[in-house]
2 protein chains.
Amino acid sequence: MTTRDRLVESAQELLWERGYVSMSPKAVQERSGAGQGSMYHHFKGKADLAAVAIERSAAAFRESAQKWLDQPGTPLERIQGYLLRSRDALKGCQIGKLTQDPQIVLDAQLRQPLEDTFKWLQLRLKGLIKEAQAMKEIATQLDADELAAMLVLVIQGGYVLASASGSAKPFNQAIRGAVSLLR
Amino acid sequence: MTTRDRLVESAQELLWERGYVSMSPKAVQERSGAGQGSMYHHFKGKADLAAVAIERSAAAFRESAQKWLDQPGTPLERIQGYLLRSRDALKGCQIGKLTQDPQIVLDAQLRQPLEDTFKWLQLRLKGLIKEAQAMKEIATQLDADELAAMLVLVIQGGYVLASASGSAKPFNQAIRGAVSLLR
DNA sequence: GTCTATATTTTGATAGAC
DNA sequence: GTCTATCAAAATATAGAC
């Protein structure tokens with residue numbers, strides 16, 4: 001891996017684990033093994049590195065979701081497969097967590113990939129819900145748009161309750177509740 | 001108000017607006033109007049002040065929820081009143097936001113009030129749901145415990161989507177969806 | 001109890017050697 | 001492209017005057 005890639009990867013990890021403020025040049029340097037000034041050769045500064053790291057995390061998030069939603073099976077099975085895929089609830093969502101970081105949301109460039117990612121996920125889920133409704137797997141009187149939003153929101157709310165309680169249990173309950181809603 | 005109260009209040013505001021790391025002694029001093037060393041007379045340090053501030057925010061959260069849940073009306077009306085009360089979606093939840101702040105969750109003393117608050121809210125909602133079920137206002141086949149958890153989670157997930165999109169719309173949609181779920 | 005002065009460490013960034 | 005040296009400012013905290 002190139003030094004630039006190691007810098008971005010370290011920034012991604014630090015953003016997820018410790019937030020934007022704690023993603024200091026020093027912390028990035030130590031984790032990546034790059035020299036102190038090396039970050040400033042590849043990036044204009046901390047915010048610039050964070051922007052690249054967030055975009056890469058958002059892309060990874062979408063790729064992972066896509067992988068689960070593209071598994072073989074009926075539309076409803078694929079939605080359920082995505083919802084039930086194992087997640088580390090206490091680590092939080094690599095994207096959702098950033099939306100509650102004030103320093104990130106205040107910077108339009110850092111916030112935009114978060115907005116795009118959730119919009120994308122809702123659109124993908126909506127498409128599958130409509131397919132499932134066409135096959136009578138999901139009740140047709142439910143609004144596909146609203147249902148897709150509700151699924152994303154249950155996952156994100158589940159992370160919040162899990163962090164609050166220091167336990168993955170509320171998250172797993174929420175996911176099972178969401179799955180049962182679909183049936 | 002005493003200097004100590006102004007310090008705590010400033011800390012509460014800064015935690016909500018900018019997070020734990022940005023709640024620096026200097027920022028607290030400037031907002032509260034207290035002198036530079038004054039914080040250290042009343043508190044052992046930043047973490048100690050934050051602990052008091054978080055407990056006070058948690059108490060305020062519970063008092064406000066209690067007020068809405070205690071309005072006159074049927075149990076279902078009171079739940080709906082709480083859900084529909086106006087909130088500033090883009091400012092985020094003063095408690096839920098803290099659960100996504102890594103520096104806070106890692107400190108058991110700072111996390112505990114967050115856990116207690118959500119547990120308390122779920123318990124209160126569960127009680128009202130059971131009352132509503134006894135009156136046939138809510139379908140009795142729904143599990144009161146799960147439904148209470150789902151309501152808390154929809155609110156918290158709504159804040160996440162609102163922050164991501166920079167708009168209160170997803171939050172308001174989510175709340176309306178949760179209200180319609182109850183009918 | 002409150003203030004000013006000060007100290008130490010970290011942050012975010014630059015300069016310039018190699 | 002990478003490294004070390006260095007810097008100004010901020011974060012966190014203490015000392016001691018008043």
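In the text below, chain A, chain B and the rest are named by the order of the sequence lines, each starting its count at 1. The shown structure was predicted, so the numbers you read here are calculated from the model rather than taken from an experiment.
Taking CD of B/Q71 as the reference point, atom OH of B/Y82 lies at 13.0 Å (rounded to 0.5 Å). Between atom CE of residue A/M150 and atom CD of residue B/Q173 there is a gap of 9.5 Å, rounded to the nearest 0.5 Å. To the nearest 0.5 Å, the span separating CG on A/L98 from OG on B/S163 amounts to 11.5 Å.
Atom CZ of A/F43 and atom C1' of C/dT14 are 18 Å apart (whole Å). Rounded to whole Å, atom P of C/dG16 lies 17 Å from atom NE2 of A/H41. Taking atom OH of A/Y20 as the reference point, atom C1' of C/dG12 lies 10 Å away to the nearest angstrom. Between the CE atom of B/M39 and the C1' atom of D/dT12 there is a distance of 8 Å, rounded to whole Å. For B/M23 and D/dA10, the CE to C1' distance is 15 Å, given to the nearest whole Å. Rounded to whole Å, the distance from CZ on A/R18 to P on C/dT10 is 12 Å. To the nearest angstrom, C1' of C/dG12 lies 12 Å from CD of A/Q29. Rounded to a whole Å, the NZ atom of B/K26 is 20 Å from the P atom of C/dT8.
Candidate nucleotides C/dC3, C/dG1, D/dT2 were compared by shortest atom distance to the side chain of B/H42, and C/dG1 ranks first. Of the candidate nucleotides D/dC3, C/dT2, D/dA5, C/dT2 has the atom nearest to the side chain of B/S38. Of the candidates D/dC3, D/dT12, C/dA13, D/dT12 carries the atom nearest the B/P25 side chain, counting heavy atoms from C-beta on.
Of the two residues contacting DNA chain C, namely A/G37 and A/A27, the nearest-nucleotide position lying further toward the 5' end is that of A/A27.
Taking hydrophobic clusters as Ile, Leu, Val, Met, Phe, Trp and Tyr residues chained together by side-chain heavy-atom distances below 4.5 Å, B/L83 shares a cluster with B/I129.
The main-chain N or O of B/A139 is found under 3.5 Å from a side-chain atom of B/Q133 such that the two form a donor-acceptor pair.
A close approach under 4.0 Å does not occur between any side-chain nitrogen or oxygen of B/S24 and OP1 or OP2 of D/dA10. At D/dT14, none of the side-chain N or O atoms of B/Y40 fall inside 4.0 Å of OP1 or OP2 (strictly under the cut-off).
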